[in-house]
Amino acid sequence: MATESKIKLIVAADEPALFYSSVSRAEMDLEAIDVRDGVYPVGYGPDGQVFKLEALGDRVRISQVEGLPPKPDDLRALLLRYLSAAGVHDAEEAEPLGSLLARCDAAVD
């Protein structure tokens, strides 16, 4: 049985992704100016839940988008881009989302 990933939030970025153990950790880590400039266009929960990032003054607020269905395929594409950029070339599109997340656990902040 696979162990559960400690990743609770994945933020799309030019890295191409940042991984966080909590939303509050991401809110403390990310800079409002970068959110305003579109550096972090969207966040995802581990099942593809969509999160919006907003800059409020010099603070960042991250909240789940209500009423929008999860986008696991978008998250999968982001994780595959991240793994490829990290030099992991054996990840496949058909690999379960949980398995892809587990491969990214080392990057969690």
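The model shown is predicted, which means the values in this text are computed figures rather than measured ones.
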Pairwise distance CZ(Phe19) to CG(Leu101) - rounded to 0.5 angstrom: 7.5 Å
Working for side-chain contact (heavy atoms from CB on, under 4.5 Å), residues Leu79 and Leu97: CA-CA 9 Å; Leu79 294 175; Leu97 201 50; 3.8 Å; yes
Common cluster, Ile33/Val42, ILVMFWY with side-chain heavy-atom separation under 4.5 Å: no
Nearest-0.5 Å distance, OG of residue Ser24 to NZ of residue Lys8: 12.5 Å
Cluster link Met28 to Tyr20, ILVMFWY, side chain under 4.5 Å: no
Which atom of Cys104 lies closest to which atom of Leu83, heavy atoms considered: SG-CD2, 3.9 Å
Taking every non-hydrogen atom, the tightest pair across Leu75 and Ile10: CD1-CD1, 4.0 Å
Residues that Ser84 engages under side-chain contact (heavy atoms from CB on, under 4.5 Å), provided they are two or more places apart: His89
side-chain contact (heavy atoms from CB on, under 4.5 Å) involving Pro41 - partner list, sequence neighbours excluded: Ala12
Those residues that, when tested against Asp14, pass side-chain contact (heavy atoms from CB on, under 4.5 Å) (two or more places apart): none
Which atom of Gly57 lies closest to which atom of Ala32, heavy atoms considered: O-CB, 3.5 Å
Close side-chain approach of Pro46 and Ile7, heavy atoms under 4.5 Å: no
Salt bridge (charged side-chain N to carboxylate O under 4.0 Å, His left out) contacts touching residues 76-93 (sequence neighbours left out): Asp90-Arg103
Residues which pass side-chain contact (heavy atoms from CB on, under 4.5 Å) with Asp74, listed by chain and number, not counting sequence neighbours: Tyr44, Lys71
Non-hydrogen atoms of Glu95 and Ala91 that approach each other most closely: OE1-CA, 3.6 Å
Validation row: Ile62, Leu30 side chains within 4.5 angstrom (heavy atoms): yes
Salt bridge (charged side-chain N to carboxylate O under 4.0 Å, His left out) contacts in which one or both residues fall within residues 55-69, not counting sequence neighbours: Glu54-Arg61
Heavy-atom check, side chain of Leu18 versus side chain of Tyr40, under 4.5 Å: yes
